[in-house]
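So the structure is just underneath, and the comments pick up after that.
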Amino acid sequence: MPNLEISSILDVSRIRADFPVLARETREGVSLVYLDSTATSQKPRQVIEALADFYLHHNANIHRGVHTLAEEATAAYEETRARVARFIGAASPKEIVFVRNATEAINLVVYSWGRANLREGDVVVLTEMEHHANLVPWQMLAKGRGVKLEFIHVRPDGTLAMDELPRLLALKPKMVAVSGMSNVTGFQPDVAEIARQAHDAGALVLVDGAQLVPHAPVDVQALGADFLAFSSHKMLGPSGVGVLYGRRALLEAMPPFLGGGDMIKRVTLEGFSANAVPYKFEAGTPAIAEVVGLGAAIDYLNAIGMEAVHAYEQAMARYVLPRLQEVPGLHLLGASLERRGAVFSFWIDGIHAHDVAQVLDYYGIAVRAGHHCAQPLHIRFGVPATARASFYIYNTPEEADRLVAALYKVKEVFA
Amino acid sequence: MEDLYREYILDHYKAPRFRGHLENPAFVYEDDNPTCGDHLHMEVAVDENGVVSAARFDGMGCALSQASADILLEHIIGKPLEEVKQFSKDDLLNLLGITLGPVRLKCALLSLKVLKGAIYGLKPGESLTDEED
């Protein structure tokens, strides 16, 4: 019984009780089935309360204040930095830079490290399955600078053509930037192996962890990531805060990104000297309450255990995938069960993804429709858009059953 | 759903009357909806009295974007071009007879955007400045 196997991993009914929004109806008599966590996760009460508690009792700007509230706010902010460092196995909290989201984290690396280190003729290796966040910033830098972008291609089953890597590494790239988990196919490449080979070839490794960090245990040292980017809002935390991890020596050698308050050591009318890491990269007032909320989200995930989160989603993937494949005319964008998370993008013959999503919404099921900010991957599969159902720790096999039943209704409407 | 996919919309989606191409269109234009990849191409012919004598569309996308194009062309054929130029977003929504959220609104209104681009003689890539995007 797959259901028994799944329910033995996590106590999902207890988890669901922590997420008030999951109890709502989308209209009279139709309960919500939230299958859009890859876009943004829902937030547990503990995170919402941490945000409220900060504003109700401690709100102040951080650093440089000597009053009680400023001390408390600074302590809460900096404690979260240490918690984030432990969560991903960073050697020091100084390697944790708070930014707005994973997109900004990658842009920071491209603008700061990239502009200082990439010259005409240099090569950056990416993959065909990257989210636009780990593609467009590199394209913006490459254009006009003569930097060449090379790509590891995606196989028909959604996995990466790892056999292409040696040829690309022979080009002596300065950087290999790869997603830890595709937001479309759910494929989780062997980043540690990619990093090992990339380092042997003298390249640095940036991991787009926007999907990986919420769904699997991550240790930057075991992974071999020189940079890791991820977003709070996809891992139960508030929106508006993201994290850039960077190896300390790299961050210290990089020029500042945004200029302004907090990122300086000393300013005169003639110029400035930059603050130490990580403050050098945190210009202006950050999302203080949201950072504190991220801390609560990390506590929540740690209490469950990231190994259990990962195991649960693997079990859900094994439950959902064959049931989707039974729907006539449904095609999955990447149908391998190997190294995948519980995210499924699909199209149904003759029915546009928006129409699929709209009918599913009628049955209370929230999925996303479009190219999911991964247009090249859709071009590779020859479809303009897909519908995407993504599962997290609060989703159940019964919800997967409701999805599949509703997909048959979709087919009836457009028969 | 009953509202959005009412028989009228589904009928125009499944059995479009005006999908195809014209021999000698006076106006041709096409555009995309970048958020979801809907694509529409339109061709409009006008007779010597300035009346829309024929129109066809082609493209791919959701039921709403394609049905909206078919319904819009059905409506404008036989009308003076100057009158068609005055046709508004609200006119189209009245014609469709449905209420839409901001995301699906773009699907429904792509047809009007492409039609206006055509009859105002825009070149590919150009867009009208008064578009309410």
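Computed from heavy atoms alone, side chains included, the values below leave out hydrogens, waters and symmetry copies. The sequence lines fix the lettering, A, B, ..., with proteins before strands; numbering per chain opens at 1.
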Sorted by chain and number, sequence neighbours left out, ring-ring contact (aromatic ring centres under 6.0 Å, His included) with B:His39 holds for none
Closest non-hydrogen atom pair, B:Tyr13 against A:Gly350 =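 Closest heavy-atom pair between B:Tyr13 and A:Gly350: OH-O, 3.4 Å.
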Minimal heavy-atom distance between B:Lys14 and A:Ala415, with the atoms involved, is NZ-O, 3.1 Å
Keeping to residues at least two apart or across chains, list the ring-ring contact (aromatic ring centres under 6.0 Å, His included) pairs with something in residues 69-102 of chain B.
-> B:His75-B:Phe87
Do A:His354 and B:Asp38 have side-chain atoms, one donor and one acceptor, less than 3.5 Å apart?
->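 Short answer, no.
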For [X], does the [atom1] atom sit with more than 12 other heavy atoms under 6.0 Å from it, leaving out its own atoms?
{"X": "A:Tyr111", "atom1": "OH", "answer": "no"}
{"X": "A:Glu25", "atom1": "CD", "answer": "yes"}
{"X": "A:Arg368", "atom1": "CZ", "answer": "no"}

Residues A:Asp355, B:Arg104: salt bridge by 4.0 Å N-O rule = yes
What distance separates B:Met60 CE from A:His352 NE2, expressed to the nearest 0.5 Å?
-> 7.0 Å
Take A:Gln358 and B:Leu64 through the side-chain contact (heavy atoms from CB on, under 4.5 Å) test and state the conclusion after the steps.
-> CA-CA 11 Å; A:Gln358 191 82 56; B:Leu64 203 48; 5.8 Å; no
